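All values below were derived from every heavy atom in this structure, side-chain atoms included, with hydrogens, water molecules and symmetry-related copies excluded. Everything numeric here is computed off the predicted structure, so don't read it as measured data.
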Amino acid sequence: MSVVMARGVLYVHSAPTALCPHVEWAVGSVLDRRIDMEWTPQPAAPGMLRCELSWVGSQGSGAQLASALRGWAHLRYEVTEEQSAGADGGRWSHTPELGIFHATTDVHGNIMVTEDRIRYAYEAGAGDPAAVYHELSLALGESWDEELEPFRHAAEGAPVRWLHQVG
């Protein structure tokens, strides 16, 4: 039985210096290899560091990475996993204030909202457009995007390190 491989990117938007080695250890544990990340200052949060890591691992590694990092104080991150054979793509976003958000993504990285979730938004809205809007906003993870956007922009031009598995 062959292992289906997947790829994605881990964006650590902000982490305290003392937490960085623990992040590397957690990521390495999931990807089953030693990880040395290139940390740079995060201009959106003075005193914090940021990094980006392109990864390759077994299918489902994105969820494992998100779980391994969730709940750590002051850690903001996003994990993406591209679609692979037999599996949709995914995006996990985490902030200390909001916790973790997960969405299924298409081949272009767009969030896919299921029919059931849309029906729930209509039903929960009970004819109130503001309530429907609120439910769809939750389904799209807009609160996470709003909180993470300043950290994303602060990273423009930052180096990305690519990890590839050989063999």
| message | Assess the residue pair Glu142 and Tyr133 against the criterion (side chain to side chain contact (heavy atoms under 4.5 Å, CB included)); give the C-alpha distance rounded to whole Å, side-chain angles, the decisive distance to 0.1 Å, and a yes or no. | response | CA-CA 11 Å; Glu142 288 182 350; Tyr133 176 86; 3.9 Å; yes
| request: Begin with the C-alpha distance, continue with both residues' side-chain angles, and end with the deciding distance and a verdict on side chain to side chain contact (heavy atoms under 4.5 Å, CB included) for His22 and Trp72. | output: CA-CA 10 Å; His22 300 284; Trp72 289 357; 4.1 Å; yes
| said: Evaluate Glu147 against Leu98 for side chain to side chain contact (heavy atoms under 4.5 Å, CB included), listing each step before the verdict. | reply: CA-CA 9 Å; Glu147 187 169 329; Leu98 298 172; 3.6 Å; yes
| message | side chain to side chain contact (heavy atoms under 4.5 Å, CB included), that's the test. Do Val12 and Arg50 meet it? Break it down for me. | response | CA-CA 5 Å; Val12 178; Arg50 63 159 317 280; 5.8 Å; no
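Of all non-hydrogen atoms in Thr105 and Met112, the two that sit nearest each other are C-CG, 3.9 Å. When every heavy atom of Val3 is checked against every heavy atom of Ser58, the shortest pair comes out as CG1-CB, 3.7 Å. Among all heavy-atom pairs drawn from Arg91 and Ile111, the shortest one is NH2-CD1, 3.4 Å. Nearest heavy atom pair, residue Leu10 against residue Val27, reads CD2-CG2, 3.5 Å. Closest approach of Met48 to Pro16, counting heavy atoms only: SD-N, 3.4 Å. Here the closest non-hydrogen pair linking Pro150 and Ala44 is O-CB, 3.8 Å.
For the pair Leu75/Leu19, a side-chain contact is recorded, criterion being any heavy-atom separation below 4.5 Å from C-beta on. With contacts defined as side-chain heavy-atom distances shorter than 4.5 Å, the pair Arg117/Leu138 qualifies. At a threshold of 4.5 Å between non-hydrogen side-chain atoms, the residues Glu81 and Trp92 count as touching.
We find the CD1-CD distance between Ile118 and Glu135 to be 12.5 Å, quoted to the nearest 0.5 Å. Separating the CD atom in Glu38 from the CG atom in Leu49 is a distance of 11.5 Å, to the nearest 0.5 Å. To the nearest 0.5 Å, atom CD of residue Glu146 and atom OG1 of residue Thr95 are 11.5 Å apart. Atom CZ of Arg76 and atom CG of Leu148 lie 7.5 Å apart (nearest 0.5 Å). Once rounded to the nearest 0.5 Å, the distance linking OH of Tyr11 with CG of Leu53 reads 10.5 Å.
Not a single donor-acceptor pair under 3.5 Å links the side chain of Ser93 to the backbone N or O of Phe101. A side-chain donor-acceptor contact under 3.5 Å links Tyr77 to the backbone of Ala66. Counting only distance, with no hydrogens or angles, the side chain of Glu24 and the backbone of Met37 share a donor-acceptor pair below 3.5 Å. The backbone N or O of Ala6 sits nowhere less than 3.5 Å from a side-chain atom of Trp55 that would complete a donor-acceptor pair.
With no hydrogens or angles considered, a side-chain donor-acceptor pair links Gln59 and Ser84 at under 3.5 Å.
With respect to His13, the side-chain hydrogen bond (donor to acceptor under 3.5 Å, both in side chains) criterion is satisfied by exactly one of Arg152, Glu78, His94: Glu78.
Annotation for Asp32: atom CG does not count as buried by contact number, only 12 or fewer foreign heavy atoms lying within 6.0 Å.
In the hydrophobic clustering of ILVMFWY residues, with side-chain heavy atoms under 4.5 Å counting as a link, Trp144 and Val9 come out apart. Ile100 and Val79 fall within a single hydrophobic cluster, where Ile, Leu, Val, Met, Phe, Trp and Tyr are joined by side-chain heavy atoms under 4.5 Å apart, directly or via other members. Hydrophobic clustering, with ILVMFWY side chains joined whenever heavy atoms are under 4.5 angstrom apart, groups Leu65 together with Trp39.
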